[in-house]
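Structure first, then comments.
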Amino acid sequence: MGKKELAALFSSNPDRYYKVQLFDKMGFARRKCGRCEKFFWTLDGDRQFCPDHENYSFIGRPPTKKKLDYVGAWKETEKFFHGNGHSVIGRYPVVCRWRDDLYFTIASIVDFQRVVGNKVVFELPANPLVVPQMCLRFNDIENVGLSGRHYTSFCMVGQACNADAEGGYWKDGCIDLDYGMLTEGLGISPEEITFVEDVWMGAGAFGCSLEFFVRGLELGNAVFTEFEGTEDDYRVMPNKIIDMGAGLERFSWITMGTPTSYDCCFGPVIDKMLQATGTDRNQDILSRYFGAVSSKLEQAGTIRELKSLVAKEMRIDEDKLAKMVAPHEAIYTVADHVRTLAFAISDGALPSNVGGGYNLRVILRRALSILERLDWSGIRVADIADMHIDYLSQMYPELADHRENVRTILDLEASRYVGSRERMNLTAGSLKARKKQTELTVEDLIRLYESDGITPDYLLEQGVIQAVPSSFYTKLADLHSASKAAGGQTNKPIHGLDDIPPTELLYYSDESIREFEATVLAVVENKFVVLDRTAFYPRGGGQEPDTGEIDGAKVAEVVKQADIVIHRVDDASGLANGRKIRAQVNGRRRDLVTKHHTATHVINSSSRNTLGSWVWQNSAFKEESYGRLDITHHSALSKEEVQKIEHRANSVIRSNRPVVIKTYDRGEAEKKFTFRIYQGGVAPSNNVRIVNIDDWDVEACGGTHVRNTGEIGLVKIIKSERIQDGVVRLEFVAGEAAVNYVQQQENQLASIAQSLGSSREKVLESFDRAMDESEAAKKKVKSMLRVVAESMGKSAGAQAKKLASGLRLYSTYDEELDDDYHIAVGEKAIEIEPALVYIALISKGQGIRVIVFAGEQARKKVKAGAIAKQVSGALGGSGGGDDRFGQGGGKSKDRIKEALLLAEEAAR
RNA sequence: GGGCUGGUAGUUCAGCGGUAGUAAUGCUCGCUUCGCAAGCGAGAGGUCGCGGGUUCAAAUCCCGCCCAGUCCA
C-alpha cells in the first residue's frame with residue numbers, strides 16, 4: 001500500500017481520522033476538491049477547490065490587521081503557545097549531531113527523534129512543547145530567491161507532544177490550538193482558513209495529517225503520528241505523537257503581504273543590500289511579478305517557463321522584465337544563502353567537498369558568483385552574515401557568540417573562491433588564445449566542467465565557444481547516472497550465543513580490576529569464550545581491546561555482540577562450559593590505552609579552544625603505543641597551532657583535574673551538556689555514559705579513562721596532517737609511550753650527530769655544512785666533467801682500433817666511472833672523430849649498462865641503437881636508441897667479455 | 001562518500017619509455033640607450049609530489065598514498 005491508497009483509506013472514514021471537535025463546533029464542512037479530489041474542511045460555502053489550485057491572494061492585501069516581521073511572528077507564536085501550557089524549547093543545532101542518517105536538521109520533529117537499533121523513537125524534553133527550529137534543505141536550490149518562498153534554511157515552528165503522556169493532547173487539542181494560533185495569534189478570521197486532509201509517512205511510523213491554508217498559502221501541517229510498522233503491517237503506537245510544523249516565514253508573510261516572503265523575513269538585510277547595491281525598488285511591478293510567480297510556480301513547472309508566462313500576462317517585454325527583477329532575485333538569493341551559512345557555521349559545520357559540507361560550499365560559491373556577476377564584489381558575505389546575526393540574535397542569542405567564527409570561515413572560503421576563479425579565467429584565457437587550432441569537443445567541455453568547474457555557459461560568455469552543444473547536458477547526465485556506490489561491510493556475527501544472558505561488565509563497575517574470577521558460559525569453535533562477567537574491555541569507540549589470559553589461554557581479541565562480551569583465545573580446549581576460571585588483563589597495555597583515550601578527550605577540547613568552535617571529533621583511535629584524533633578544521637595546522645594545542649593539553653594534565661564518569665538519561669544529558677557530548681558519534685541507547693573532565697571536556701563515551709588527568713603524565717603530538725578537505729589528523733603519544741617516544745627521538749638525534757661527527761647541539765649546523773659540501777662536490781664534478789670530456793674524448797679517438805671498414809672503434813668496460821661520464825665523453829669523442837664508434841659497458845648496481853655513440857661518418861655503416869640492442873642482448877637484457885646514440889643493459893655480469901667481442905663484431 | 005583533472009626550474013608550462021627543456025616569464029651579470037620603455041648576449045636555477053612494481057632502462061607505464069582543484073550525492 002502506497003501513500004495514495006493510505007490517503008484513500010483514511011479519507012474513507014473521515015469521522016475516525018479527520019473530524020475534530022473544532023469542525024463540529026465551528027461548522028466546518030467537508031468538501032471534495034473539484035480538481036484533485038482531495039478532501040478539505042472549510043467555513044466558506046462557495047469554495048469548490050482545495051487551496052492547492054489557488055493564487056496567493058494575500059500579496060498586497062494581507063488578511064490581518066497585525067503586521068509581524070520575522071522575529072515579531074515568532075514572539076507572537078511563542079506567546080500564544082506559552083500561554084497555552086507549552087514549554088518553549090531553544091532551537092537544536094542545524095547540524096544534526098544526534099542522528100547518523102542526517103547531516104542537517106531538516107524538520108522540527110527531527111529534534112526529538114532518536115534511532116535505537118533500526119527504529120526511530122520519539123523523545124520529547126517537555127510535554128507539550130514548541131520550538132523555533134531552523135531547518136536546512138538543499139533540494140530546491142534553483143528556486144531559492146526566485147520563487148518568493150523557497151529557502152535553503154527556514155524556521156519550522158514545531159509544536160509537539162506525546163498524546164499519551166502527561167500534558168499531552170490529541171487531534172482535537174492540536175487543531176484547537178492551531179486554529180487559535182491563526183485566529184488569536186495572527187489575527188486571521190476563521191472563514192479564511194481551510195484544512196486539507198493528507199497523510200504523512202516517515203521512518204517506521206505514519207498517520208493522517210491536516211494541512212492548513214490561508215489565501216492559497218500553506219501555513220502549516222499538523223501530523224498525527226499514530227501507527228508504527230509498515231503500511232501493510234501496522235499497529236497503534238503506545239505513545240502517539242503530535243507533530244505540527246509551520247513555516248515561520250509564512251506566518252510573517254501572511255501578515256505582511258509583501259511581494260515575496262524574503263521581503264519580510266530577513267529583517268533589515270534586504271533594505272540594506274538594496275541600498276548598498278543601489279537597486280531601485282519598483283514596488284508595483286515587483287509586487288505583480290512576484291505575486292504571480294510565487295503562486296503559479298506549481299502550475300508552470302520551471303521558473304524559466306513561468307517568467308515568460310508572467311511577462312506575457314503583465315504585457316511587459318520579457319527581457320526588460322528579467323532585467324528589472326534580476327537584481328532583486330540576486331539579493332534574495334544571497335541573503336538566503338548567507339543566512340544558512342551563518343547558522344551552519346555557528347553550529348560547527350564547515351564548507352568542504354565532503355558530506356554535508358559540500359552543500360555549504362555550493363551555496364557559498366553560488367552567493368559569491370552572483371555578487372561577482374552583478375559587479376557587487378565590494379560586498380562581503382561576512383558583512384551580510386553580520387547583518388543577519390544582528391537581527392536574528394533577538395531570537396537566537398547564541399548566534400552572536402559565534403559571530404567571529406562565522407566571519408573567519410566566510411572570509412577564508414571567499415578567498416578560496418577568488419583563487420579558483422582566477423584559475424578559471426586563466427584556463428578560459430588560454431583556451432581562447434589557442435581555439436583557432438582545434439574546436440573543443442563535447443568531451444573537452446565535460447572535462448572542463450567536471451574537473452575545473454568551468455561551465456559551457458561561462459565559455460560562451462567569454463567567447464571561447466560559439467554555442468553550447470545540445471548533447472552536453474545529456475552526456476553529463478549519463479555520466480552521473482552511471483556511477484553508483486557500493487555497499488559497506490559488516491562483521492559477521494558469531495552464532496550459537498542466543499540464550500546467553502548479558503555479560504556483567506566489570507571494566508565499568510571498577511576500571512582498576514586486572515584480575516578476576518568468572519564462570520564460562522559458552523565456548524564456540526574452540527576459540528570464542530563467553531563468561532558471566534569480565535574485566536576485558538572489548539573493541540569499541542575507537543579503543544583497542546584488552547589482551548591477557550583466561551586460565552592460561554591467551555586472549556587475542558575481545559568484541560561485544562549485543563550485550564555479550566566475546567573473548568577470542570588461541571586455544572579454548574581447557575575452558576569447558578560451566579568451569580570457574582581466573583583471568584588476568586594485561587595491565588600495562590590497558591593503562592597505556594586508557595591514558596591515550598583520556599588524552600584524546602583532553603586534546604579534542606584543547607584543539608577546539610585553540611582553533612575555533614567548528615572543531616569536532618571526526619573519529620579517533622587509541623592503542624597501546626599511540627593515539628589518533630581526527631578533528632574537523634578548515635586548513636592544515638601550522639607548527640605554532642600544534643604546539644599551542646599541545647601546551648594547553650599538558651597544562652590540563654598538570655592541573656590534575658578529576659575525570660568523573662556518570663550515566664545519565666539521554667535527554668537529561670543532552671539538556672545538561674548540549675550536543676557537544678556526541679563527539680564520538682551518536683549514543684545508541686537511552687542511557688549515556690558521560691565522561692566529564694572537570695571544567696574542560698564533556699563527552700558521551702564508552703571507553704576506559706584515568707581518574708585524574710595527572711595520570712596521563714605527558715602528551716606529545718607527534719604528527720599533524722590534513723587527511724581530507726575539512727579534516728585534520730593529530731597523532732600523539734601519552735604517558736610512558738610519550739617517554740619512549742622522546743627517548744627514541746633522542747637516540748636518533750644522537751646517532752645522526754655521531755654519523756656527522758658532530759654533537760647534538762651542533763647537529764643542524766653540521767648537517768647544513770655537509771649538505772653544502774655535497775652540493776658543491778656535485779657541481780664540481782659536473783664542471784670537471786665538461787673539461788675532462790674534451791680531452792678524454794680526444795684520447796678515446798686516438799686509442800680507437802682501426803677497423804677494416806675504415807671505421808674506428810673504442811670499446812671499454814668500466815667499473816669506476818658512471819654513465820654520465822661516458823655519455824659526456826662519448827658525445828665529445830664522436831664530435832672530434834666522426835668515424836668513431838664509442839662503446840662503453842658500465843658496471844651499475846646488479847647489472848651492466850651499455851652506452852653506444854656513432855660518429856657522423858660511422859653512422860653511414862652502423863647504427864648506434866642497433867649495436868646497443870645487440871650488445872645488451874648478449875648481456876641478457878635489451879636496449880635501443882637512434883642512429884647516433886643508443887643505450888641498453890643487461891644483468892649477466894659474467895658475459896662482459898663476450899659482449900665486448902660482440903660489440904667489435906657489430907661495429908665492423 | 002563517489003567521479004574526474006593536475007603535481008617537472010622561483011612562477012606558468014612542454015615532454016609522456018631511451019642524455020631533463022635553444023620554452024615562456026622572473027632572477028644575476030654584461031652590452032645597447034642621456035634616461036625610461038625596450039632590445040641583445042651570457043649565466044644561475046631540478047631528489048620530474050612520495051612509496052612500491054614492471055623494464056636492461058621510468059618524469060613517462062601499472063598499483064598505493066599524499067597534496068591541490070573540481071563536479072556530483
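Everything quoted here is computed from the prediction, not taken from an experiment. Residue numbers begin at 1 in each chain, while the letters A, B, ... track the order of the sequences.
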task: Over all heavy atoms of both residues, which pair between A:C135 and A:M156 is shortest? Give the atoms and the distance, please.
output: SG-CB, 3.9 Å
query: With sequence neighbours left out, which residue pairs that include part of residues 828-841 of chain A fulfil the side chain to side chain donor-acceptor pair (under 3.5 Å) condition?
result: A:H822-A:Y838
field: Partner nucleotide of B:G30 by Watson-Crick or wobble geometry (both distances under 3.5 Å)
entry: B:C40
task: Between B:U5 and B:A24, how far apart are the C1' atoms? Round to whole Å, please.
output: 23 Å
task: Would you kindly give the CG-to-C1' distance between A:L360 and B:C72, to the nearest whole Å?
output: 16 Å
task: Starting from C1' on B:A73, measure out to CG on A:N359 and report it in whole angstrom.
output: 8 Å
Show me the protein contacts with nucleotides 43-45 of chain B, counting only N or O atoms at under 3.5 Å.
{"residue": "B:G45", "atom": "OP1", "partner": "A:K779", "partner atom": "NZ", "Å": "3.4"}

query: Using the C1' atom in both, what is the distance from B:C61 to B:U54, to the nearest Å?
result: 8 Å
task: For B:A14, give its Watson-Crick or G-U wobble partner with both distances under 3.5 Å, or none.
output: none
- prompt: What's the closest nucleotide to the A:V362 side chain, out of B:G18, B:C72, B:C56?
  reply: B:C72
query: Atom CZ of A:R729 and atom P of B:C66: how far apart are they, to the nearest Å?
result: 9 Å
query: Can you tell me if the side-chain N/O atoms of A:Y358 get under 4.0 Å from OP1 or OP2 in B:G1?
result: no
- prompt: Given the P atoms of B:G52 and B:G39, what is the spacing between them in whole Å?
  reply: 47 Å
- prompt: When you compare B:C63 with B:U22, how far apart are their C1' atoms, in angstrom units rounded to a whole number?
  reply: 38 Å
field: B:G3 to B:C65 separation - P atoms, rounded to the nearest Å
entry: 11 Å
query: A:K891 side chain: which of B:C56, B:U70, B:C72 is closest?
result: B:C56
- prompt: Quick one: A:Y417 OH to B:U70 C1', roughly how many Å, whole number?
  reply: 13 Å
- prompt: Can you tell which of A:D819, A:D818, A:D814 makes a side chain to side chain donor-acceptor pair (under 3.5 Å) with A:R849?
  reply: A:D819
query: With a cut-off of 6.0 Å (strictly less than), are more than 12 heavy atoms of other residues, nucleotides or ligands near NZ of A:K869?
result: no
query: Quick one: which of A:I823, A:V871, A:T812 gives a side chain to side chain contact (heavy atoms under 4.5 Å, CB included) with A:I851?
result: A:I823
message: For A:K622, is there an ion pair with A:E544 - N to carboxylate O distance below 4.0 angstrom?
response: no
Distance test, side-chain N/O of A:Q724 to OP1/OP2 of B:G1, below 4.0 Å: yes
query: Taking atom P in both B:C56 and B:U12, what distance in whole Å separates the two?
result: 38 Å
A:T632 and A:N618: side chain donor to acceptor below 3.5 Å: no
- prompt: Which one is paired to B:G1, where only Watson-Crick or G-U wobble pairs with both distances under 3.5 angstrom count?
  reply: B:C72
- prompt: Nearest to the side chain of A:S878 - B:C56, B:C71, B:G18?
  reply: B:C56
Euclidean distance for P, B:A23 against B:A44 (whole angstrom): 13 Å
field: Atom-to-atom span, CZ of A:R361 to P of B:A68 - whole angstrom
entry: 11 Å
message: Strictly below 4.0 Å: does A:R849 bring a side-chain N or O up to OP1 or OP2 of B:G18?
response: no
A:Q887 CD to B:A58 C1', straight-line distance once rounded to whole Å: 12 Å
message: Does the structure show a Watson-Crick or G-U wobble partner for B:A9, both distances under 3.5 Å? Name it, or say none.
response: none
- prompt: For atom C1', what is the distance between B:A58 and B:U11, given to the nearest Å?
  reply: 27 Å
task: Would you check if the distance from the ring center of A:Y678 to the ring center of A:W98 is below 6.0 Å?
output: no
